[in-house]
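Whatever order the structure lists ligands and atoms in, that order sets their numbers, starting from 1. Residue indices begin at 1 and follow the sequence shown. The shown structure was predicted, so the numbers you read here are calculated from the model rather than taken from an experiment.
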Amino acid sequence: MKVLGLESSCDETAAAVVEDGTRVLADVISSQAQIHAKYGGVVPELASRHHVVNLIPVLEAALEQAGLGLDGIDGVAVTRGPGLVGALLVAVQAAKAMAWARRLPLVGVHHLEGHLTAVFLEPAAGQPVSAPSFPHVALLVSGGHTSLFLVEGQGRYRELGATRDDAAGEAFDKVAKLLGLGYPGGAVIDRLAKTGDPRAIVLPRPLKRRAELDFSFSGLKTWMRTWLDGHGLPEGQALADLCASFQHAVVTSLVSKTREAVRQTGVGEVQISGGVAANSWLRAEMQRAGDADGFRVFVPPPRRCTDNAAMIAAAGYHRLVAGERAGIDLNAEANLPLGSA
Ligand code: KG4
Ligand code: ZN
């Protein structure tokens, strides 16, 4: 079954075609990061307008990459939330129009369910899928969310913990802004940290009580602001050391809570997903923790960690196969709890 996926929840316009939830026949992403960079964050109205402009070219590029016309598509999946409502509506309306005109089955997908399904896709064309079995622990770390889930089956989740304030990606982005590194800053901090010493500066460890599975990152951001007020903006090696130390603090919190979730649930497999799962230090430290504690770690390739439509098509495939169908009244929802799409 070939599913066309569409995604426009934030600042990426994306379309993909995925066969049977694993084989990626096309995966096209148009990022607006450059447009929003000068504002230091996503401007909702601008995002919606650019989705309107980009959606058709991105869709056409995806169909061309897959070597298919719309008559070769068996179903349409679209992100219906959570996200910026004006941005979400662009892909939702396009998906409804196509499904209605072509009499194709349609399904609405929760954006986070998309992230949690990315690990079930072929990492690259023809490469075998290496995915966790059920149940497993999922650390979902993006720009808007940071949560630990017990994934009991396809589409079945139990939240074990979540951030009480900022998401991990938001912390990366806000600290990058304080350091004058532009938006989005996670990937820039990751790159600068590669030549830094993660133990150069010791940052506080938020919510370090062992049994606690919640996160908190706003204190780290405040700590960084206070440090910068006292020391000024570092450059060169000092900047690399500061980036590495901040990144280490965030990653230590993410990894230690994941270890604790594994201990409490007794499962042997972990997946990491969402934009921050592209972080090289998080990927390496989680692997080290898995080796030490005896759990297996699954992470999609970096390109599939950040927003894309292949993950939406894959999540949609499982829902379509289970018989789920959305009507022409499908709507975008800015705040959508996981498990409701
Ligand atoms: O999943 P995503 O693309 O969008 C949301 O659903 O939020 O995640 C975007 C977030 C941004 O905060 C971005 O700075 C962060 O992921 N990010 C990274 C890296 N690449 C993207 N954070 C740390 N290290 C990276 N390499
Ligand atoms: Zn996302």
Side-chain angles (χ1 to χ4, degrees), residues 5-14 16 27 29-33 36-37 40-42 44 47 78-84 87-88 91 109-119 138-147 162-163 166-179 181-194 196 198 215 217 220-221 243-244 246-255 271-286 299-312 314-315 334-336 338 341:
L6 292 182
E7 153 70 37
S8 68
S9 65
C10 191
D11 60 346
E12 263 93 28
T13 319
D27 182 9
I29 303 166
S30 167
S31 173
Q32 305 175 12
H36 300 282
V42 177
V78 62
T79 307
R80 64 176 276 234
L84 303 168
L88 287 162
V109 171
H110 193 290
H111 182 76
L112 299 188
E113 183 162 309
H115 278 303
L116 292 169
T117 313
V119 75
L139 172 68
L140 202 155
V141 263
S142 71
H145 296 86
T146 297
S147 297
T163 183
D166 292 352
E170 195 180 350
F172 269 102
D173 293 341
K174 286 178 175 170
V175 164
K177 197 169 169 183
L178 289 176
L179 294 170
L181 301 176
Y183 169 87
V188 184
I189 291 182
D190 189 356
R191 184 167 45 76
L192 287 171
K194 285 192 167 52
F215 303 93
F217 296 108
L220 287 180
K221 175 194 64 193
C243 286
F246 165 74
Q247 177 176 270
H248 184 61
V250 174
V251 166
T252 302
S253 168
L254 294 172
V255 172
Q271 69 145 308
I272 334 174
S273 54
V276 182
N279 184 269
S280 57
W281 191 247
L282 173 59
R283 296 166 83 96
E285 288 286 282
M286 193 66 85
V299 200
R303 180 187 156 88
R304 298 257 166 76
C305 293
T306 45
D307 287 351
N308 65 85
M311 66 185 196
I312 302 302
N335 303 305
L336 187 69
L338 187 60

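- Those atoms of ligand 1 that come under 4.0 Å of a heavy atom in G144, given as number and element, are 7 (O).
- For ligand 1, one of its N or O atoms has an N or O atom of G169 under 3.5 Å away.
- Between the side chain of T79 and the backbone N or O of G81, no donor-acceptor pair lies under 3.5 Å.
- Of all the heavy atoms of Q247, none lies under 4.0 Å from any atom of ligand 1, so neither backbone nor side chain is involved.
- Shortest non-hydrogen contact noted between V42 and C10 is CG2-SG, 4.0 Å.
- Among A171, G274, G275, A278, the residue whose heavy atom lies nearest to atom 16 (O) of ligand 1 is G275.
- For the Zn ion (ligand 2), the count of nearby protein N, O or S atoms, meaning those under 2.8 Å away, is 3.
- Close approach of ligand 1 to H111 is summarised as follows: ligand atoms under 4.0 Å from at least one heavy atom of the residue are 6 (O).
- The distance criterion of under 3.5 Å between nitrogen or oxygen atoms is not met by P184 with respect to ligand 1.
- In the vicinity of H115, heavy-atom distances shorter than 4.0 Å reach the ligand 1 atoms 1 (O), 6 (O).
- Taking both residues in full, the closest heavy atoms of Y183 and A37 are given as O-CB, 3.7 Å, listed atom of the first, atom of the second, then distance.
- Distances below 4.0 Å separate heavy atoms of G186 from the following atoms of ligand 1: 14 (O), 18 (C), 19 (C), 22 (N), 23 (C), 24 (N), 25 (C).
- Counting heavy atoms closer than 4.0 Å to ligand 1, residue H145 contributes nothing at all.
- For the residues A167, A187, G143, the heavy atom positioned nearest atom 10 (C) of ligand 1 is part of G143.
- Residue T306 has at least one heavy-atom neighbour below 4.0 Å for each of these atoms of ligand 1: 3 (O), 21 (C).
- Using a 30° and 60° split on the angle between ring planes, H111 and H115 fall in the perpendicular class, above 60°.
- When heavy-atom distances to ligand 1 are checked against a 4.0 Å cut-off, D190 comes that close only through its side chain, counted from C-beta outward.
- Counting all heavy atoms, side chain and backbone alike, R303 lies closest to D27 at NH2-O, 2.8 Å.
- Looking at D307 against ligand 1, both its backbone and its side chain come within 4.0 Å, counting heavy atoms.
- Between F172 and F246, the ring center distance clears the sub-6.0 Å criterion.
- Here the closest heavy-atom approach between residue S9 and residue D307 is recorded as OG-OD2, 4.4 Å.
- Between S280 and K194 the shortest side-chain heavy-atom distance falls below 4.5 Å.
- Between N279 and ligand 1, at least one pair of N/O atoms sits closer than 3.5 Å.
- The protein heavy-atom contact nearest to atom 11 (C) of ligand 1 is D173 OD2, 3.5 Å.
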